[in-house]
Every structure is written in structure tokens, then in C-alpha cells.
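These values consider heavy atoms only, across backbone and side chains, with no hydrogens, waters or symmetry-generated copies.
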Amino acid sequence: MPTEPASGHDLRHHGDAEVRDGGGTLVDLAVNVRADTPPAWLRDRMAASLAGLAAYPDGRAARAAVAARHGLPVERVLLTAGAAEAFVLLARALKVSRPVVVHPQFTEPEAALRDAGHTVDRVLLRESDGFRLDPAAVPEEADLVVVGNPTNPTSVLHPAETLTRLSRHGRTLVVDEAFMDAVPGEREALAGRTDVPGLVVLRSLTKTWGLAGLRIGYVLAAPETVARLERAQPLWPVSTPALAAAEACVSPAALAEAEEAARGIAADRAYLTAGLRDFASHGLRVTGPAEAPFVLVRVPAAADVRERLRALGYATRRGDTFPGLDEEWLRLAVRDRETTEGFLRALGRALGA
């Protein structure tokens, strides 16, 4: 697993770019937000909060609800305007000298670190290893390590034991669990753990609940780390509707709904990957086992295939903006079976099958 300095990739390219500027009519397999969300009950909770917009946001109830959901004291919770804000806070507030980002993964952590003036090293996971992490590949002197679990875009779920082996005295270990609630049983989750020195877990509520436009997430970390990040936040960083959503989404009923959705996603993903493997004779390979609400595929001339799919009405996420991947990769969001069947027919046409 090679280590390399940062260079050469558009770290600020994200899936939403595929459906902007005229792409809104496409079937969206580029963005990883769950389809047909937010549910009506959640929209109602947010709408009800609008009556209180004259007052400044009060995050105490939502913070306590998140803390209770993970069995933590409130001092270990920080609410943020999505996980993206958390990456910026970490980059600006923590005093680190050798940050390392494990790639391929969501590129915003590295972008935030670079914008804050840090020199960032990369540990590149290899396709030949199934994009699995060997903790020994991370330099011992790294004092900040960022890794996703499950990882975007590879859909790999790293064992919790593997990740905890990255913990060191004097090191901050950031685990991005933005998609963990899409994993049935949230197996391999580190959220709620207090026995791992330097652990910082990030969660997002935008993926499962379709709240990307609202911006809501949170940080779970030691109280002193939370306090340091909180001092770097502006006043009232999370809006009243977002606070209402956070409190609602960690309720027992919502957690049960999320678990049911995760099991449905797993079944829909299996259906998608089975259909994709039918194109193996055209050089298409599926990274697996996939555990997130998206899959990563390698296909010859992927850029051309992506453009043909757009012409046929489907938006997919290019992979070459992720360090460690090249122009032969595409990421596909998991959708319902009817959508998948239509996509597979279009893919066959795009491949000339």
C-alpha cells in the first residue's frame, strides 16, 4: 500500500455535479442520498419547527438525544452542519504535523486539510487487496489519520478491530461513519466507543434521511476534542429545522425505520451487483463485497460509458477524482429493483451488449 503526497485530483468534485445544470431530468445514480426521502413524518417535524424561527437555535435537546442514542455523555457530542463542517473544524482546530488520509475515500477531508495549510500524505489502498486496509501501511509518525467506514466510493466495510489498531498515543483517529446507518446492525461501528484513545467518529444524517440540503451531522469524541472543535465553530452553527431533524432521526422509531431501510438496501444492492456481473464478458468488474448504499465498478472506457448512459437518461459518478482510482471507475448508487432493471438495460446498450 503506497504512501504518496497530495496531487492531481479534483478533490472538490462530488456526485451532485452529475445532476446539476440540466442533469435534473436524469435518473440519479450519482448521489448517495437515499431515494424518496425525507419521509412525511420527518418533513412534518421540520415544518413544525418553523414556528420557532424567530428565536436563536437551541441545540441542547438534539445534542442530548444524539448522546443518548450512542450511550454517551453530552460532552462527547458536537452537532455540525453536516459531516463536511466537521472536516473543516478538524483541519483548523487540531494541532497536527503529519496528517494522513486513507484513499480511495471521500475527498473532502483532504481538501479541508489542504485548505487549512496542511501537507497531506495519502495511503492508497489497492484493488488487488480488495481496497482493504493494512494498519501497518499507515506511517507510525502520522498524528492524524482519516479513514471512511464503510468507505466511499469502494463500499468496503473495514473490521472495527482493524481500525482500532490505528490508535496511538498522540494520534487523532478520525473514522467517517457517514454511511454506517445503511449497514444492517451497524456492525463494525465505532460510534459510542470510549476505549479507543484519540478516536473521533463522524456521523451524517443526510444520507439515510435525504437531508443533504439541510446540512446536519455530528462528531463523537473525547470532551476535550469536542470543546476544541466547538470553539472553532461560529455561533448557532446548526439551524432550528436541522436540530429538529437530528432529534427526530435518533428516536427509537426512526432507528427502527433506518434498520429496515438498511436491510432493504442490502437486498437491492445484491440485485444490482448480480446484474452487473452479467457484463463481466465486457470487462466490467464489481468491487466487493459491497456493504454501503453504492457499488464501485471498473469498466474499460468508463468515461465514454458514462456519457452514453447520460444520453440514455442515467447519471453515474465518475471515479477518477478519487485518489487511487483512474478513468476506468464508476460509482453507482443502489436504487430500487425497477430502477436497477432500467439502468441495467441502459448499461447493456452503453456497453454494446
Quiz item: Which residues satisfy the side chain to side chain contact (heavy atoms under 4.5 Å, CB included) test with T273, sequence neighbours excluded?
Solution: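 Scan of T273 (side chain to side chain contact (heavy atoms under 4.5 Å, CB included), adjacent residues dropped) gives R269, R277, V286, V295.
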Practice problem: Under the side chain to side chain contact (heavy atoms under 4.5 Å, CB included) rule, collect the residues that match up with V226, sequence neighbours excluded. | Solution: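 For V226 the side chain to side chain contact (heavy atoms under 4.5 Å, CB included) partners, ignoring immediate neighbours, are R63, L78, A221.
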Self-check item: salt bridge (Lys or Arg N to Asp or Glu O under 4.0 Å) partners for E188, two or more places apart
Solution: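 Salt bridge (Lys or Arg N to Asp or Glu O under 4.0 Å) check on E188 returns nothing, list empty.
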Heavy atoms only: give me the nearest [X]-[Y] pair and the separation to one decimal.
X	Y	value
L214	A245	CD2-CB, 3.7 Å
I265	A182	CD1-CB, 4.4 Å
P38	M46	CG-CE, 4.2 Å
A301	E328	N-OE2, 4.4 Å
A254	A248	CB-O, 3.3 Å
T206	S204	OG1-OG, 2.8 Å

Quiz prompt | From CA spacing to verdict: side-chain contact (heavy atoms from CB on, under 4.5 Å), L113, L144 | solution = CA-CA 10 Å; L113 285 162; L144 173 69; 3.7 Å; yes
Check whether any side-chain heavy atom of [X] sits under 4.5 Å from a side-chain heavy atom of [Y], and report yes or no.
X	Y	value
V175	L199	yes
P57	V238	no
F343	T316	yes
L347	V305	yes
Q105	E110	no
E177	L220	no
F322	T107	yes
L53	P241	yes

Please confirm whether the backbone N or O of [Y] pairs with a side-chain atom of [X], one donor and one acceptor, at under 3.5 Å?
X	Y	result
T287	V297	no
T37	P39	no
E259	G185	yes
S167	P197	yes
R171	G198	no
Q233	T80	no
S155	A292	yes
R335	D28	yes

Self-check item: Other residues, nucleotides, ligands: >12 heavy atoms within 6.0 Å of E341 CD
Solution: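 Enclosed.
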Quiz item: Who passes ring pair (Phe, Tyr, Trp, His ring centres under 6.0 Å) against Y271, sequence neighbours left out?
Solution: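 Partners of Y271 by the ring pair (Phe, Tyr, Trp, His ring centres under 6.0 Å) criterion come out as none, since no residue qualifies.
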Should [X] and [Y] be regarded as members of a common hydrophobic cluster, given that ILVMFWY residues are connected when their side-chain heavy atoms come within less than 4.5 Å of each other, either directly or indirectly?
X	Y	value
V200	V96	yes
V138	V196	yes
L284	L344	yes
L72	L173	yes
V74	V201	no

Atom pair [atom1]/[atom2] of [X] and [Y] - distance to nearest 0.5 Å:
X	Y	atom1	atom2	result
L94	T225	CG	OG1	6.5 Å
E230	L79	CD	CG	9.0 Å
L163	L133	CG	CG	6.5 Å
C249	L211	SG	CG	5.5 Å
R317	L332	CZ	CG	12.0 Å
L325	L330	CG	CG	10.5 Å

Quiz item: Is the F131 ring parallel, tilted or perpendicular to the W329 ring (thresholds 30°, 60°)?
Solution: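 Taking W329 first and then F131, their aromatic rings stand perpendicular (interplane angle over 60°).
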Quick one: which residue pairs count as a salt bridge (Lys or Arg N to Asp or Glu O under 4.0 Å) with a foot in [range], not counting sequence neighbours?
range	result
residues 153-169	E140-R168
residues 141-160	R98-E141
residues 64-92	R69-E186
residues 30-59	D58-R60

Self-check item: Sequence neighbours excluded, every pair satisfying ring pair (Phe, Tyr, Trp, His ring centres under 6.0 Å) that has a member inside residues 153-181
Solution: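 Those involving residues 153-181 are F179-F294.
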Quiz item: What ring pair (Phe, Tyr, Trp, His ring centres under 6.0 Å) pairs are there with at least one residue in residues 201-235, not counting sequence neighbours?
Solution: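 Applying ring pair (Phe, Tyr, Trp, His ring centres under 6.0 Å) to every pair that reaches into residues 201-235, excluding sequence neighbours, yields W41-W209, H70-Y218.
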Quiz item: Does the side-chain contact (heavy atoms from CB on, under 4.5 Å) test come out yes or no for V174 and L202, once each step is laid out?
Solution: CA-CA 7 Å; V174 179; L202 307 185; 4.1 Å; yes
Quiz item: Could R228 and E224 be called an ion pair, given the rule that one side-chain N must be under 4.0 Å from one carboxylate O?
Solution: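 Salt bridge: no.
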Quiz prompt | Carboxylate-amine/guanidinium contact R132 D129, below 4.0 Å | solution =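 Salt bridge between R132 and D129, a charged N being under 4.0 Å from a carboxylate O: no.
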Exercise. Hydrophobic side-chain clustering at under 4.5 Å (ILVMFWY, transitive links): who's grouped with Y56? Put none if nobody.
Key: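 Under the 4.5 Å side-chain rule, Y56 groups with L235, W236.
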Quiz item: Should side-chain heavy atoms under 4.5 Å link Ile, Leu, Val, Met, Phe, Trp and Tyr, which residues sit in the same cluster as M180?
Solution: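 Cluster partners of M180: L157, V183.
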Quiz item: Do N152 and R331 have a side chain donor and acceptor closer than 3.5 Å?
Solution: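 Result is yes, a qualifying pair exists.
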